[in-house]
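Have a look at the structure below before the remarks.
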Amino acid sequence: MTIRSLLFLSSPCVMAFGLVCALAGPALARDLPGPPVVSIQDRLTQARSDIQAGNWALALAGLQDAARDEPGNADLHNLLGYSWRKQTTPDLARAFEHYRQALRLDPAHRGAHEYIGEAYLMDGKLADARRHLTELERLCGNRTCEEYADLAA
C-alpha cells in the first residue's frame, strides 16, 4: 500500500462514509432476510399439534426452546408439565416442576390446576389432588367447568 492510498483512506470523506455505514448498519440489517420470527402463540400451537400426534420428543424440544425465550409464560409451563407427564415414560418430577411454575406465574390457571391434580393422582397423592379440585371449584364452579369435571372424573 502506498503512502498516497493511506492518506486517501484517512481522508475526512472516507471516515465520514465509515461513520454513516456504522450508524446505518443495524437499520439495514433489519431489512435483510433472515429466519422468520415465530410468536409464542405459534410455538404453543405447534407444540399442541405435536402433543396430539403423540410426538413427545418434538413437543418437549419445541417447548423447552420456547421456555428459554419466554420463561414467564404460564401456558408454556403447563404444556411442558403435560408433556413430561404424558410421554411414554412419565417424568413426574419434571411435570410437577413445570405445573408449579405455571401456578406461580398464574395462580388461577385452570389447566395447570387440573393437570397437577392428575399428576398427584398418578403419584398416589389423593389429598393434594383434592386440594386442586377444590381450587378449581372456587375458580370456575363444578357444573360448567371442564377442568373441574375432568379432574373430578
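As a basis for the values below, the full set of heavy atoms in this structure was taken, side chains included, without hydrogen atoms, waters or symmetry mates.
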Does Q46 form a side-chain contact (heavy atoms from CB on, under 4.5 Å) with D42? I'd like the steps, not just the answer. CA-CA 6 Å; Q46 180 59 54; D42 289 342; over 6 Å; no
Which distance, rounded to the nearest 0.5 Å, do you find between the NE2 of H113 and the CG of L133? 11.5 Å
Salt bridge (Lys or Arg N to Asp or Glu O under 4.0 Å) between E97 and R94, worked out: CA-CA 5 Å; E97 173 188 329; R94 284 187 169 164; 5.6 Å; no
Heavy-atom side-chain proximity of [X] to [Y] below 4.5 angstrom:
{"X": "L63", "Y": "D50", "result": "no"}
{"X": "N73", "Y": "L44", "result": "yes"}
{"X": "D91", "Y": "Q87", "result": "yes"}
{"X": "E146", "Y": "D150", "result": "yes"}

Same cluster or not: are L151 and L103 linked, directly or through other Ile, Leu, Val, Met, Phe, Trp or Tyr residues, by side-chain heavy atoms under 4.5 angstrom apart? no
side-chain contact (heavy atoms from CB on, under 4.5 Å) against A119, all qualifying residues, sequence neighbours excluded: R85, L92, F96, Y99
Residues which pass side-chain contact (heavy atoms from CB on, under 4.5 Å) with E147, listed by chain and number, not counting sequence neighbours: R110, E114, L136, C145
Run through the side-chain heavy atoms of Ile, Leu, Val, Met, Phe, Trp and Tyr, join any pair under 4.5 Å, and report what else lands in L58's cluster. none
Take atom CD of Q64 as the centre, draw a 6.0 Å sphere, and report whether it contains more than 12 heavy atoms from other residues, nucleotides or ligands. yes
Hey, could you give me each pair passing ring-ring contact (aromatic ring centres under 6.0 Å, His included) that has a residue in residues 38-60? Not counting sequence neighbours. none
Keeping to residues at least two apart or across chains, list the ring-ring contact (aromatic ring centres under 6.0 Å, His included) pairs with something in residues 133-153. none
With sequence neighbours excluded, what pairs up with H77 under the ring-ring contact (aromatic ring centres under 6.0 Å, His included) test? H98
Do Q101 and R104 meet the criterion of a side-chain donor-acceptor pair at a distance under 3.5 Å? yes
